[in-house]
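Have a look at the structure below before the remarks.
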Amino acid sequence: MESTLGLEIIEVVEQAAIASSHWMGKGEKNTADEVAVEAMRERMNKIHMRGRIVIGEGERDEAPMLYIGEEVGICTREDAKDFCNPDELVEIDIAVDPCEGTNLVAYGQPGSMAVLAISEKGGLFAAPDFYMKKLAAPAVAAGHVDINKSATENLKILSECMNRSVEELVVVVMDRPRHKELIQEIRNAGARVRLISDGDVSAAISCAFAGTNIHCLMGIGAAPEGVISAAAMRCLGGHFQGQLIYDPEVVKTGLIGESREGNIARLKEMGINDPDKVYNADELASGDTVLFAACGITPGTLMEGVRFFHGGARTQSLVISTQSKTARFVDTIHLFDNPKNLQLK
């Protein structure tokens with residue numbers, strides 16, 4: 001899978017990032033998202049594959065492109081039998097977020113990126129559009145910290161695993177009213193808090209890389225992004241746990257569904273009989289092969305954002321694979337015009 005799709009999925013996230021970055025700082029978050037979706041879908045449909053969106057822009061009625069259940073790739077066309085051999089074709093599941101951090105793009109803030117994860121059919125958890133309590137930490141703490149423990153306990157465990165004091169730890173938390181008590185507990189424990197407005201996929205992944213000065217992600221964010229984060233963390237060997245949040249009273253705003261009981265019923269319809277189950281990275285991204293790709297839209301902890309120059313652009317991407325056990329940073333120059341007229345700066 002990596003050898004046949006690796007470069008192409010990088011190009012998928014690059015095209016989405018470039019399209020969205022044209023709207024950086026213009027205050028148009030919906031437009032920044034729409035153009036990223038269109039660019040991602042257009043490039044994805046040029047790939048020799050049969051893909052299915054399991055995490056995307058919503059259900060068919062709410063999202064005309066990259067909706068959950070949509071089939072993408074050349075081999076999904078009606079005339080696919082003319083150039084695709086079904087016996088040799090690997091069907092894949094795809095989780096996408098063409099513009100992770102739309103507000104960040106709209107207001108020119110750091111940390112937005114285009115992301116996707118792929119695995120063979122059935123290899124990614126089809127998360128409902130609910131919220132998820134998340135805990136991400138470096139590989140050295142994998143299996144030691146636990147989402148069922150308090151923040152204070154986990155910080156103590158993390159400090160021991162990393163051989164540093166709690167005061168040296170930095171915990172990323174989304175700046176939401178629901179996290180008021182969590183933030184205070186982290187501060188009381190002695191750790192430092194880095195508040196973000198959006199973009200917890202980047203924060204989760206950063207925990208797995210030394211030198212980012214991000215050691216843990218705690219709190220509640222969107223469930224679909226949790227699966228994408230888990231895919232990356234499984235590739236990197238980092239710690240990730242997620243627990244679905246279905247009670248509107250817990251998240252206070254934005255949860256799909258009007259009641260706790262209604263949301264539990266919806267989960268049962270999806271085959272989730274234990275709504276309180278804690279999932280780890282291997283369960284959220286369970287496929288034999290998992291690939292993750294991201295491209296920075298605005299500058300972030302891990303990647304530069306899109307930088308335009310006369311006649312082209314420069315991007316920085318990240319692709320992570322369980323197959324080759326690699327994390328590759330890819331620096332790309334995109335030439336829009338005649339190369340003789342370009343200034344590669």
Side-chain angles (χ1 to χ4, degrees), residues 1-20 33-100 113-127 129 201 224-225 227-228 230-232 234-235 284-295 297 315 317-324 328 330 332 334:
M1 186 184 294
E2 180 182 1
S3 60
T4 57
L5 296 177
L7 178 59
E8 295 201 272
I9 67 167
I10 294 174
E11 292 181 356
V12 168
V13 292
E14 286 175 344
Q15 292 304 309
I18 291 172
S20 185
D33 185 53
E34 289 169 6
V35 297
V37 171
E38 291 173 2
M40 179 172 279
R41 182 175 184 265
E42 181 180 357
R43 181 63 184 88
M44 206 175 280
N45 277 327
K46 295 177 181 177
I47 301 177
H48 196 90
M49 68 174 183
R50 186 177 186 88
R52 179 175 66 108
I53 303 297
V54 295
I55 290 177
E57 294 294 291
E59 303 293 343
R60 180 190 295 268
D61 293 339
E62 298 180 4
M65 296 185 193
L66 297 184
Y67 55 83
I68 297 170
E70 181 178 7
E71 292 190 333
V72 292
I74 290 178
C75 298
T76 63
R77 289 166 32 175
E78 291 184 1
D79 59 347
K81 62 182 180 180
D82 296 336
F83 44 84
C84 293
N85 184 344
D87 296 329
E88 298 177 356
L89 193 63
V90 177
E91 294 185 276
I92 63 171
D93 284 354
I94 309 171
V96 302
D97 194 345
C99 183
E100 215 267 315
M113 57 186 186
V115 297
L116 64 78
I118 68 174
S119 185
E120 65 270 11
K121 187 176 181 179
L124 295 174
F125 179 68
D129 199 6
V201 174
E225 282 79 355
V227 175
I228 296 175
R234 184 191 156 191
C235 295
L284 295 172
S286 61
D288 292 333
T289 300
V290 178
L291 294 177
F292 168 90
C295 182
I297 301 174
T315 60
S317 305
L318 169 64
V319 59
I320 315 171
S321 167
T322 58
Q323 192 170 354
S324 62
R328 292 187 174 96
V330 181
T332 306
H334 304 262

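For the side-chain contact (heavy atoms from CB on, under 4.5 Å) test with Pro98, the passing option among Met40, Met65, Met113 is Met40; the others fail.
Judged by distance alone, with hydrogens and angles left aside, the side-chain atoms of Asn45 form no donor-acceptor pair with the main-chain N or O of Val72 at under 3.5 Å. Arg50 places no side-chain N or O within 3.5 Å of a backbone atom of Glu91 that could act as its donor or acceptor partner. In this structure a side-chain-to-backbone donor-acceptor pair under 3.5 Å is present from Ser119 to Thr289. Using a distance-only test at 3.5 Å, with no hydrogens or angles considered, no donor-acceptor pair links the side chain of Glu14 to the main chain of Ser317. For Arg234 (side chain) and Gly287 (main-chain N/O), a donor-acceptor pair under 3.5 Å exists by modelled atom type.
To the nearest 0.5 Å, atom CD1 of residue Ile94 and atom CD1 of residue Ile53 are 4.5 Å apart. To the nearest 0.5 Å, atom NZ of residue Lys121 and atom CD1 of residue Ile92 are 12.5 Å apart. The structure places CD of Glu11 at 11.5 Å from SG of Cys295, a figure rounded to the nearest 0.5 Å. Note that CZ of Arg77 and CD of Glu71 are 14.0 Å apart. Values are rounded to the nearest 0.5 Å. The line from CZ of Phe292 to CG of Leu116 is 8.0 Å long, rounded to the nearest 0.5 Å. Summarising the geometry, atom CG belonging to Leu7 is positioned 11.0 Å from atom CZ belonging to Arg328; distances are rounded to the nearest 0.5 Å.
For Arg41, the side chain to side chain donor-acceptor pair (under 3.5 Å) criterion is met by Glu70, not counting sequence neighbours. With sequence neighbours left out, Thr315 forms a side chain to side chain donor-acceptor pair (under 3.5 Å) with His334. Partners of Ala19 according to the side chain to side chain contact (heavy atoms under 4.5 Å, CB included) rule, which considers only residues two or more places apart in sequence or in another chain, are Val35, Ala39.
Ala95 approaches Val54 most closely through the heavy-atom pair N-CG2, 4.4 Å. Scanning all heavy atoms of the two residues, the minimum distance from Lys46 to Glu42 falls at CG-O, 3.5 Å. Pairing each heavy atom of Leu66 with each of Val37, the nearest pair is CD1-O, 3.8 Å. Of all heavy-atom pairs between Leu291 and Ile9, the closest is CB-CD1, 4.0 Å. Listed here is the closest heavy atom pair of Val290 and Cys235: O-SG, 3.4 Å. Contact between Arg52 and Gly69 at its shortest, heavy atoms only, is CG-O, 4.3 Å.
Side-chain contact between Asp129 and Pro224 is present, with heavy atoms from C-beta onward closer than 4.5 Å. Proximity of Val96 to Val12: side-chain heavy atoms (C-beta onward) are nowhere separated by under 4.5 Å. No side-chain heavy atom of Glu100 sits under 4.5 Å from any side-chain heavy atom of Ile228.
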